[in-house]
Protein chains: 2
Amino acid sequence: MTASSSGPATPGNRAGGGGPRPHRPTLQEVADRAGVSLKTASRALNREPHVAEATGERVRRAADELGFRLNALARELRSGATSTTAGLVIGDVGNPYYSRIARGVEREMDARGLQLITSSTDDDPERERVAVAGLLERRVAALLVVPSSEDHRYLESERAHGLPVVFLDRPAGHIDADTFVLDDRAGARAAVEHLLKAGHERIGLVGDFSRLSTHRARVAGHADAMQAAGVQGWETYVRADCHDLDAAAQGARDLLALPEPPTALFTTNNRCTTGALRAVAGLPARPEIVGFDDFDLADVLGVTVVAHDPEEMGRLAARAALARLDGDDSPPRTVVLPTRLVVRTAPGTEPPPVRDRPADLRSSGPRSLAVARPREATLLDAEVR
Amino acid sequence: MTASSSGPATPGNRAGGGGPRPHRPTLQEVADRAGVSLKTASRALNREPHVAEATGERVRRAADELGFRLNALARELRSGATSTTAGLVIGDVGNPYYSRIARGVEREMDARGLQLITSSTDDDPERERVAVAGLLERRVAALLVVPSSEDHRYLESERAHGLPVVFLDRPAGHIDADTFVLDDRAGARAAVEHLLKAGHERIGLVGDFSRLSTHRARVAGHADAMQAAGVQGWETYVRADCHDLDAAAQGARDLLALPEPPTALFTTNNRCTTGALRAVAGLPARPEIVGFDDFDLADVLGVTVVAHDPEEMGRLAARAALARLDGDDSPPRTVVLPTRLVVRTAPGTEPPPVRDRPADLRSSGPRSLAVARPREATLLDAEVR
DNA sequence: CTGAAAGCGCTAACAC
DNA sequence: GTGTTAGCGCTTTCAG
């Protein structure tokens, strides 16, 4: 897409030229104009007590006339070690999953008067490092991170210096800090058990980067279900490293092109689900799809999903960080948030017949509203394949 | 959703208690430890020239040992009027439309070394005011705003003080500043003409808050098409103020419950489209839907949309802001980005027969890749209903 | 190549 | 209720 514009662009002289950049008024100038001391002006503008009504009014008028704004940089430098910002490092704000996390975090921080600086890393460990460094220099009051890297020892000293550090979505490496994750393994297991109960045996898996712990945990859950059902050779049907829609669609197509193609797919996140749905759209024999992550049109499309609430995860993580700021010095905890299998039927599609399965499988139906058990970072252990 | 956690929360003493908050090392301490002056330490850590290799190395080692981080607040306070942050004010990061804008802005700012502070306003003018004030105090290097309020004169003095201010998605009020908007009116007109050409006459409209200029412009485009086709009484089929999915679904249901229900719907943004799709899912006679904004599963669902690229809009706006920072002092411009009608057919659905329409209508088909014409904020004039 | 002094804009701590 | 003094942590300026 291109666009026309109604004015020619001037090359521009580097380093903040651009016409006369007028002077920004300082507090001292406001004070002078109002005929008071610097400190009185400060008090008036910060609406501190012990300022006469008339004086305060005069100062505020002077400030308005000058177009004055308090300088938060100076205020925060002077009055403490941390700024009134919080930092959030995620994979990609453009991805609905992360953007809902961001929304939840933002709401809580906003309620506390903190503005949120968000950085997307595209799940690149190096970019995570750079983003975090920037936030630390900026003296954020709290730091929330969806880890891409494997080792977060570099944040240990920050924690020791009193910075609240909270991890989301994936456990951090080699650091003992507050962490909020989903019950990836149980959620995935429930999804695959659902497909097994519906009579499927050749169940394909389309997943994200294999280096991501969430991916590994979800594959582990898939394996749990398959092994419990006594299904062999499921590893053939696993396609990982599908990080975008096209890769996911291709992964799904590859699976369906196998000599004995899968009759169902488990897609391990929202992008994989969308990609797979594209791949199977219009196919005569559309395989059944169960996806991890709920999405807006899943009900319309009748797609069964492993649902959870990313915004809530963001809120909880933010609240934990704020509690630390308020002096909570209890030991770091890992909170495992439950998932919920939401079974849906494609419109105009008869649900496939449910074949009888062994009892051990039948007993473990959808984990509706399962209560999370605390688990200490065991998700990292999910080593499968 | 609830979750259990593995540790009790302590109420916490206000104001940054939380165990012994150790001292954060300063540059002076690093310098002392390395046995150099403060200024030499500064030069070494900022990798400025004129520092002996050995000296630099010694300083950086001392910094590492102390866990030192430069303080961006202090640096930026000392070295200029603006920080290395940029501000973005949008409706809701959790909404894919805005989050893609945010992504585009973030990419450009990141390339320039600016971190992005994002605030969601829920399209509330008062919250816009508060968010902007916070960003200004923080001395953001540039400010990008999706306007919720009607009057942005309060930003004129900031612009005069040299702050690049750019508006996105909707024109600002009473201020002459760079603006990037969509060709809402033409896009809407193309959408409705498409439906008219397909033989529909009773075309419902489900839209957002009527106070939003984008809504008004899209209704105007709807009106353009209806009037050109000589269709009367279309106003009966307009439902506005559907700001969330439920409201949109309800709006669609209301329309379909009319004595003479519409046979097609034009939904004026992604939320309205999703809501309407929910409302019509499973209906025996599903009305045809054309939506403003493309979305991930539109192809799978076979929904015709008015497509455009929010991320690109974000990038362009960010680039314009950065150009101003680099001294571009050309007159403010308004860039109208084109939309593109993407026609899709629902899977398993025969496209409805195309009735013959008057020639004036046939001549104005889908505006595929229409080139935008510059327009000076005329979108605000879209007064319909 | 290195250092000493000054001060960015504001608030803390104490006067008065 | 108001003013004075000092200084947050760093970079700038100017000397060596």
Side-chain angles (χ1 to χ4, degrees), chain A residues 15-16 21 23-60 62-63 66-84 134 136-141 161, chain B residues 15-16 21 23-60 62-63 66-84 134 136-141 161:
Chain A
R21 185 150 303 196
H23 178 68
R24 276 207 181 260
T26 72
L27 187 52
Q28 180 66 65
E29 293 170 63
V30 173
D32 290 349
R33 181 176 244 264
V36 297
S37 77
L38 206 172
K39 181 58 195 159
T40 299
S42 169
R43 277 195 271 253
L45 292 175
N46 287 306
R47 301 197 161 277
E48 286 171 26
H50 309 306
V51 176
E53 183 60 37
T55 317
E57 202 43 62
R58 195 150 31 94
V59 171
R60 282 187 289 270
L66 263 47
F68 171 80
R69 303 265 177 191
L70 277 165
N71 185 329
L73 264 40
R75 182 196 324 127
E76 292 167 3
L77 173 60
R78 176 62 241 233
S79 62
T82 88
S83 86
T84 54
L136 293 175
E137 289 196 3
R138 197 140 275 131
R139 295 297 190 265
V140 288
H161 283 320
Chain B
R21 185 150 303 196
H23 177 67
R24 275 203 181 264
T26 71
L27 185 53
Q28 180 66 65
E29 292 169 64
V30 173
D32 290 350
R33 181 176 245 263
V36 297
S37 76
L38 205 168
K39 181 55 197 159
T40 299
S42 169
R43 276 195 271 253
L45 292 175
N46 288 306
R47 300 196 162 278
E48 285 173 26
H50 310 306
V51 176
E53 183 59 37
T55 315
E57 201 44 62
R58 195 152 29 94
V59 171
R60 282 187 289 270
L66 264 47
F68 172 79
R69 304 265 176 190
L70 277 165
N71 185 328
L73 265 39
R75 183 196 323 126
E76 293 168 1
L77 172 61
R78 177 63 244 232
S79 62
T82 88
S83 87
T84 56
L136 293 174
E137 289 196 3
R138 197 140 275 131
R139 295 298 188 265
V140 288
H161 283 319

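Each chain gets a letter, A, B and so on, in the order the sequences are listed, and its residues count up from 1.
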Round to the nearest Å and state the distance from B/Leu38 atom CG to D/dA15 atom P. 20 Å

Is there a donor-acceptor contact under 3.5 Å linking the side chains of A/Arg138 and B/Thr84? yes

Phosphate-side-chain proximity, A/Ser42 and C/dC10, N/O vs OP1/OP2 below 4.0 Å: no

In whole angstroms, how far is the P atom of D/dT2 from the CZ atom of A/Arg58? 8 Å

Nearest-Å distance, CZ (A/Arg24) to P (C/dG9)? 11 Å

Is there a donor and acceptor pair closer than 3.5 Å between the side chain of A/Arg78 and the base of D/dG7? yes

Where A/Ser83 and A/Glu76 come nearest, the two heavy atoms and their spacing: CB-OE1, 2.9 Å

Nearest-angstrom distance from the residue atom CG of B/Asn71 to P of C/dG9: 17 Å

Can a side chain N or O of B/Thr55 be found less than 4.0 Å away from OP1 or OP2 on C/dT2? yes

Rounded to the nearest angstrom, tell me the gap between atom CD in B/Gln28 and atom P in D/dG9. 11 Å

What is the distance, to the nearest angstrom, from the CG atom on B/Asp32 to the P atom on D/dG9? 14 Å

Can you say whether a donor on the side chain of B/Arg69 sits under 3.5 Å from an acceptor on the base of D/dG9, or the other way round? no

Starting from C1' on C/dC8, measure out to CZ on B/Arg139 and report it in whole angstrom. 12 Å

Is the distance from OP1 or OP2 of C/dG9 to the nearest side-chain N or O of A/Thr26 less than 4.0 Å? no

Is a donor on one side and an acceptor on the other found under 3.5 Å between the side chain of A/Arg58 and the backbone of A/Ala34? yes

Phosphate OP1/OP2 of C/dG3 contacted by B/Ser37 side-chain N/O (<4.0 Å): yes

Find the distance B/Leu73:CG to D/dG7:C1' and express it as a whole number of Å. 15 Å

